[in-house]
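To keep things clear, I will list the structure first and then write my remarks on it.
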Amino acid sequence: MWRGIKTITDYKRSDQLVSHDSSLPDTLNTFYARFDTPGSRESVHLPRLEELHQPLVLQLHQVSSSMKRINIRKAEGPDKVSGRTLKLCADQLAGVFLDIFNLSLQLATVPVSLKTSIIVPVS
């Protein structure tokens, strides 16, 4: 059976040795653990745009049309606001979100609340 699987998948054994670098596990642990550190929830500072370029500015119709395309079957976020509410009230809420998004783009920072999510395992 294994010979057949190797033939089908064209598997060829590699003679390359695995690295025995003892610092690799620590390096990988540090990389993945950075998501659990308290400092990772701070605002992310985006690089400043050069003086020659105009900063990106969103328009009200762009935010409103994006909100109207929200999938109402998706779970609500940490703010407990359902997708149905955001979609149905898109015209009323678009101005508020427009101010938040444009301020974020102008300051070149991402607010902590926009980076927060709650993951609930489903059994």
Side-chain angles (χ1 to χ4, degrees):
M1 180 178 85
W2 290 114
R3 191 176 323 146
I5 291 174
K6 287 179 183 179
T7 303
I8 292 171
T9 61
D10 196 30
Y11 174 80
K12 292 184 176 51
R13 185 174 179 174
S14 174
D15 293 334
Q16 182 180 7
L17 296 175
V18 177
S19 172
H20 294 289
D21 183 12
S22 62
S23 67
L24 180 62
D26 291 329
T27 304
L28 291 174
N29 190 35
T30 303
F31 175 78
Y32 288 109
R34 78 181 194 276
F35 298 110
D36 292 330
T37 58
S40 67
R41 297 203 141 199
E42 296 173 6
S43 297
V44 173
H45 294 283
L46 303 174
R48 293 274 179 196
L49 296 173
E50 296 179 18
E51 296 293 327
L52 300 174
H53 298 289
Q54 293 288 352
L56 177 65
V57 177
L58 298 175
Q59 302 297 321
L60 185 63
H61 67 90
Q62 293 171 312
V63 176
S64 179
S65 66
S66 292
M67 292 179 71
K68 288 177 182 176
R69 289 192 312 261
I70 291 175
N71 186 347
I72 61 173
R73 297 183 189 272
K74 298 285 183 175
E76 57 193 28
D79 55 4
K80 303 293 185 202
V81 178
S82 69
R84 182 182 303 275
T85 302
L86 291 173
K87 187 172 185 171
L88 292 175
C89 300
D91 292 326
Q92 293 81 9
L93 295 173
V96 176
F97 282 99
L98 176 69
D99 293 340
I100 293 170
F101 296 150
N102 281 334
L103 183 62
S104 177
L105 290 169
Q106 180 184 4
L107 298 175
T109 60
V110 178
V112 175
S113 58
L114 294 180
K115 299 188 321 174
T116 304
S117 64
I118 298 171
I119 300 173
V120 180
V122 178
S123 57

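Computed from a predicted model, the values in this text were never measured in an experiment. The analysis underlying the following values was restricted to heavy atoms, covering all of them including side chains, and did not include hydrogens, waters or symmetry mates. Along the sequence shown, the residues carry numbers beginning at 1.
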Atom CE of M67 and atom CG of D91: how far apart are they, to the nearest 0.5 Å?
9.0 Å

Enter the distance from R69:CZ to S64:OG here, rounded to the nearest 0.5 Å.
10.0 Å

Keeping the roles fixed (side chain from N102, backbone from L58), state whether a donor-acceptor pair exists under 3.5 Å.
yes

If Ile, Leu, Val, Met, Phe, Trp and Tyr residues are connected whenever their side-chain heavy atoms lie under 4.5 Å apart, and connections chain through other members, are L88 and I72 in the same group?
no

Within this structure, what is the CG-CG distance for the pair L103 and L98, rounded to the nearest 0.5 Å?
11.0 Å

What about L56 and F97, same hydrophobic cluster or not, with Ile/Leu/Val/Met/Phe/Trp/Tyr joined at side-chain heavy-atom distances under 4.5 Å?
yes

Inter-residue atom distance D99.CG - Q106.CD, 0.5 Å rounding
11.0 Å

Work out which heavy atom in L93 is nearest to a heavy atom in L86; give both atom names and the distance.
CD1-CD2, 3.9 Å

Got a sec, which pairs hit salt bridge (Lys or Arg N to Asp or Glu O under 4.0 Å) with one end in residues 70-85, sequence neighbours left out?
none

S104 side chain vs T109 backbone, donor-acceptor pair below 3.5 Å
yes

Donor-acceptor pair, S65 side chain versus H61 backbone, under 3.5 Å?
yes

Taking all non-hydrogen atoms of both residues into account, name the closest pair between K68 and A90 and its distance.
CG-CB, 3.7 Å

